[in-house]
S.K.: 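This structure is in structure tokens; I'll ask about it shortly.
Here is the naming used below: chain letters follow the sequence lines, and residue numbers restart at 1 for every chain.
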2 protein chains.
Amino acid sequence: MSIAEVARLAGVSTATVSRALSGRGHVSAKAREKVLEAASELGYVVSQAASSLASGRTRNVGIVLPFLNRWYFTTVLEGAQQRLMRAGYDVTLYNLAGDGDERREVFEHFLLRQRVDAVIAVSLELTEPEVTRLHAIGKPLVGVGGPIPGVHTLAIDDVAVARLATEHLVGLGHTRIGLIGGDHESDADFHLPTKRRQGFEAAMNDAELPIVATRIADADFTIEGGYRAAKQLLGPLRERPTAIFAASDEMAFGAMLAARDLGLQVPNDISIIGVDDHDQSEFFGLTTVAQFPREQGAAAVDVLMAQLEPRDAEMPADTPLPFELRVRSSTSRPRD
Amino acid sequence: MSIAEVARLAGVSTATVSRALSGRGHVSAKAREKVLEAASELGYVVSQAASSLASGRTRNVGIVLPFLNRWYFTTVLEGAQQRLMRAGYDVTLYNLAGDGDERREVFEHFLLRQRVDAVIAVSLELTEPEVTRLHAIGKPLVGVGGPIPGVHTLAIDDVAVARLATEHLVGLGHTRIGLIGGDHESDADFHLPTKRRQGFEAAMNDAELPIVATRIADADFTIEGGYRAAKQLLGPLRERPTAIFAASDEMAFGAMLAARDLGLQVPNDISIIGVDDHDQSEFFGLTTVAQFPREQGAAAVDVLMAQLEPRDAEMPADTPLPFELRVRSSTSRPRD
DNA sequence: TTGAAAGCGCTAACAA
DNA sequence: TTGTTAGCGCTTTCAA
């Protein structure tokens with residue numbers, strides 16, 4: 001089943017079939033119709049391999065992620081994939097999780113096989129050589145959720161997000177505010193833990209509130225990590241914080257569970273705020289600063305499309321990504 | 001950068017380069033070495049498009065999933081992807097979630113473009129035409145987690161799993177046992193809800209225990225759904241169940257939270273068991289019947305590889321997939 | 001074990 | 001607007 005058979009059945013040349021099916025180049029309405037009819041009658045679908053070889057375009061985008069088991073990553077992936085599919089593009093998934101050489105393999109072989117037209121890197125701080133390599137083979141690259149030097153990146157302002165969350169607690173009248181930050185091991189790649197901490201500290205300083213070391217604990221962005229960190233922060237009775245800012249919703253969930261296990265009521269005894277607006281945050285009644293990973297994924301695709309298919313879209317403006325405070329029932333004024 | 005340049009630098013023909021690099025066909029050690037050296041010196045990586053066109057093999061496998069935001073699916077995906085990558089294969093991801101035509105698009109266009117050598121369908125009951133179409137273009141197909149007529153499928157015995165879970169509760173001495181099953185909307189495709197219910201009923205019948213309609217509630221496999229269902233089951237004081245079998249761990253988590261909110265202690269007042277052995281089950285202390293989605297994904301790849309590259313492996317035997325009771329702290333003898 | 005050369009199926013420049 | 005045709009870069013006979 002090749003383009004030649006379609007051409008024969010439609011009574012035109014293969015070039016016309018190609019033009020009619022791809023949409024590039026001029027084809028008369030009549031010819032287009034004949035081609036479409038013939039193609040559907042034969043159940044013809046173009047061979048990507050042949051098309052790629054001839055045109056140099058694969059209609060395939062690589063998405064590189066550090067993990068698959070975290071809400072943020074899969075949600076970005078979903079947003080990007082949906083938009084790409086609508087544009088007729090495939091998505092090839094490169095998951096870097098694993099014991100060993102995945103990362104090197106991906107960057108030294110998989111991505112260089114001329115299989116993708118572009119790459120989306122999610123929450124990954126690529127190294128200089130990794131970026132260079134991709135640029136060298138002329139592949140557009142866009143980052144989501146993490147800063148990559150010299151690359152168009154879509155990311156929320158993590159400092160501002162943390163500041164907003166902290167200010168919400170300050171605004172409610174809290175003065176003893178704890179922080180569950182991200183540890184650096186679990187996120188070596190994106191400086192998110194540092195930034196969210198900076199925002200926290202900035203807000204505390206502005207409010208002239210003390211930043212107390214014993215009210216700061218690091219965790220690994222999981223529920224369990226948040227649980228442990230909260231137990232640590234809330235354990236001592238004296239000078240216990242009345243509010244906690246957790247750098248992610250999943251850690252905030254853990255903190256809420258820890259509070260309950262300690263016999264503390266949320267929000268009466270302890271207010272808790274997170275970041276993300278995770279699928280389950282509504283269920284937990286968690287106040288949070290929402291970011292919109294699905295939209296972030298889709299926006300990344302728009303940026304790529306502007307480069308890959310300059311005809312139908314101009315480059316989207318480089319606007320900062322939105323975030324938004326969502327007040328629910330996990331925060332309130334302190335009881336005092 | 002093409003194979004010709006490598007050939008020139010190595011002082012051999014393009015055919016020899018191809019053979020040396022792909023490993024098929026005989027090449028002298030000397031020639032192979034020269035080729036490898038030249039290739040690495042030039043940073044040469046084969047063009048997949050050209051290779052595919054010439055050989056008819058893409059070294060790419062399509063994985064089709066109904067959602068991305070559930071632990072089971074992403075874990076299967078991760079297991080499959082890791083193994084495929086190790087074999088030098090790419091993974092193209094087809095996520096059917098979305099508002100509309102995704103499914104038709106995927107099966108009528110994306111999968112037919114000769115972009116994949118094989119397809120793995122996760123928790124999807126493909127229709128007759130969908131299967132036929134794939135077979136018609138000669139693409140091996142394997143299913144994970146859901147039965148597909150006429151297709152090699154890897155799935156645990158859901159009836160047996162549910163029976164095992166229920167028998168655990170019966171064995172502890174429970175007689176009033178509730179079920180949180182799956183509703184059919186959220187999983188139209190795999191008959192898992194029905195099967196797990198069958199297993200539950202079989203175990204109850206064997207133990208000569210009554211199956212009471214008010215002790216059965218359906219949910220959508222989410223925490224929130226499990227929470228609601230449990231509230232419903234545990235609300236009435238009289239004849240309240242002393243144990244609940246939830247058809248998934250995420251629903252079981254919800255049930256545990258609901259129990260707490262009702263002032264019930266797990267396991268003293270209510271025992272809860274799930275299915276999956278979710279990442280977080282250990283943290284919640286949830287007793288569960290573990291299945292091993294990562295291994296299921298990897299096993300699916302083994303089946304495909306046996307078909308795609310018959311040389312290096314015989315077809316793995318069609319053994320039933322393992323599952324295993326994991327007793328933790330959410331189940332105990334009833335108090336009575 | 002190696003090399004020459006004929007495609008694989010399509011696209012895009014060019015000509016008509 | 002359409003057709004002719006030369007590649008795209010690789011694999012794989014076939015012959016040596």
Side-chain angles (χ1 to χ4, degrees), chain A residues 1-36 38-39 42-60 88 109 112-117 137-138 308-309 311, chain B residues 1-36 38-39 42-60 88 109 112-117 137-138 308-309 311:
Chain A
M1 172 54 45
S2 79
I3 199 172
E5 298 177 48
V6 180
R8 197 167 340 114
L9 183 58
V12 298
S13 71
T14 61
T16 297
V17 174
S18 174
R19 285 188 282 249
L21 259 27
S22 72
R24 6 189 148 260
H26 301 280
V27 187
S28 66
K30 201 188 325 163
R32 160 170 293 111
E33 196 181 328
K34 282 189 298 185
V35 168
L36 260 32
L42 295 172
Y44 170 78
V45 178
V46 293
S47 154
Q48 275 295 326
S51 174
S52 299
L53 184 57
S55 69
R57 304 175 74 280
T58 65
R59 305 208 135 241
N60 185 35
H109 290 103
L112 305 182
R113 304 196 285 188
Q114 314 215 50
R115 262 187 144 302
V116 300
D117 289 337
I137 57 172
L308 294 176
E309 315 199 342
R311 54 186 66 186
Chain B
M1 173 53 44
S2 80
I3 199 172
E5 299 177 48
V6 179
R8 195 161 348 110
L9 182 56
V12 299
S13 70
T14 61
T16 297
V17 174
S18 174
R19 286 189 279 248
L21 259 28
S22 72
R24 352 185 161 265
H26 302 280
V27 187
S28 66
K30 201 190 321 165
R32 160 169 293 111
E33 195 181 332
K34 282 189 297 183
V35 168
L36 260 31
L42 295 171
Y44 170 78
V45 178
V46 292
S47 154
Q48 274 295 325
S51 173
S52 299
L53 183 57
S55 69
R57 304 175 74 277
T58 65
R59 304 208 136 240
N60 184 34
H109 291 103
L112 306 183
R113 304 197 282 189
Q114 314 215 49
R115 260 186 144 304
V116 299
D117 289 337
I137 57 172
L308 293 175
E309 316 199 341
R311 54 185 68 184

S.K.: Can you list every salt bridge (charged side-chain N to carboxylate O under 4.0 Å, His left out) pair that touches residues 47-60 of chain B, not counting sequence neighbours?
M.R.: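 Checked against salt bridge (charged side-chain N to carboxylate O under 4.0 Å, His left out) - neighbours excluded - the pairs reaching residues 47-60 of chain B are B:Arg57-B:Glu309, B:Arg59-B:Glu309.
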S.K.: Looking at residues at least two apart in the chain, or sitting in another chain, which of them share a side chain to side chain contact (heavy atoms under 4.5 Å, CB included) with B:Ala38?
M.R.: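 Checked B:Ala38 against side chain to side chain contact (heavy atoms under 4.5 Å, CB included); matches are B:Val6, B:Leu9, B:Ala10.
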S.K.: Taking the nucleotide of DNA chain C with the nearest heavy atom to each, does A:Ser22 or B:His26 sit closer to the 5' end?
M.R.: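 Counting from the 5' end, the first nearest nucleotide belongs to B:His26.
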S.K.: Got a second to check how far A:Leu308's CG is from A:Thr58's OG1, nearest 0.5 Å?
M.R.: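 OG1 of A:Thr58 is found 8.5 Å from CG of A:Leu308.
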S.K.: List for me each residue that meets side chain to side chain contact (heavy atoms under 4.5 Å, CB included) alongside B:Ala49, sequence neighbours excluded, and say none if there are none.
M.R.: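 B:Ala49 satisfies side chain to side chain contact (heavy atoms under 4.5 Å, CB included) with A:Ser52, A:Leu53, B:Ser47 only.
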S.K.: If the condition is side chain to side chain contact (heavy atoms under 4.5 Å, CB included), which residues does A:Ala54 pass it with, not counting sequence neighbours?
M.R.: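 Checked A:Ala54 against side chain to side chain contact (heavy atoms under 4.5 Å, CB included); zero matches.
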S.K.: Working to the nearest 0.5 angstrom, can you tell me the gap between A:Gln114 CD and B:Ser51 OG?
M.R.: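 If I round to the nearest 0.5 Å, the distance is 11.5 Å.
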S.K.: Which angle, rounded to 10°, do you find between the first-five-pair axis and the last-five-pair axis of the helix from C:dT1-D:dA16 to C:dA16-D:dT1?
M.R.: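 Comparing the first five pairs with the last five, the axes sit 30° apart.
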S.K.: Tell me, please, the opening and closing nucleotides of DNA chain C, 5' to 3', among those with an atom under 4.0 angstrom from a non-hydrogen atom of chain A.
M.R.: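 For DNA chain C, the relevant span reads C:dG9 to C:dA13.
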S.K.: Between atom CD1 of B:Ile3 and atom CZ of B:Arg8, what is the distance when rounded to the nearest 0.5 Å?
M.R.: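 With rounding to 0.5 Å, CD1 (B:Ile3) is 12.5 Å from CZ (B:Arg8).
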S.K.: Using a 4.0 Å heavy-atom cut-off, does B:Val17 contact any base of the nucleic acid, only the sugar-phosphate backbone, or nothing at all?
M.R.: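 No contact.
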S.K.: Sequence neighbours left out, what passes side chain to side chain contact (heavy atoms under 4.5 Å, CB included) with B:Ser2? Give chain and number order.
M.R.: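 By the side chain to side chain contact (heavy atoms under 4.5 Å, CB included) rule, B:Ser2 matches B:Ala4, B:Glu5.
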S.K.: Partners of B:Ser13 by side-chain hydrogen bond (donor to acceptor under 3.5 Å, both in side chains), sequence neighbours excluded?
M.R.: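 Listed in chain order: B:Thr16.
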S.K.: I need the A:Ile137 CD1 to A:Leu112 CG distance, nearest 0.5 Å.
M.R.: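 Rounded to the nearest 0.5 Å, the CD1-CG separation comes out at 4.5 Å.
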S.K.: Which distance, rounded to the nearest 0.5 Å, do you find between the CZ of A:Arg115 and the CG of A:Asn60?
M.R.: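 A:Arg115 CZ to A:Asn60 CG: 6.5 Å, rounded to 0.5 Å.
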S.K.: Chain B on DNA chain D: first and last contacting nucleotide, 5' to 3', under 4.0 Å to a heavy atom?
M.R.: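 Listing 5' to 3', DNA chain D meets chain B from D:dG9 to D:dT13.
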S.K.: Residues two or more places apart in sequence or in another chain: which of them pass side-chain hydrogen bond (donor to acceptor under 3.5 Å, both in side chains) with B:Arg113?
M.R.: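 In terms of side-chain hydrogen bond (donor to acceptor under 3.5 Å, both in side chains), with neighbours along the sequence ignored, B:Arg113 is linked to A:Asp90.
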S.K.: In a table with atom names and distances, give each donor-acceptor pair under 3.5 Å that connects a side chain of residues 26-33 of chain B to protein atoms at least two apart or in another chain.
M.R.:
| unit_1 | atom_1 | unit_2 | atom_2 | d |
| --- | --- | --- | --- | --- |
| B:Ser28 | OG | B:Ala31 | N | 3.1 |

S.K.: Using a heavy-atom distance cut-off of less than 4.0 Å, which residues of residues 43-52 of chain A contact DNA chain D?
M.R.: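 The answer is none.
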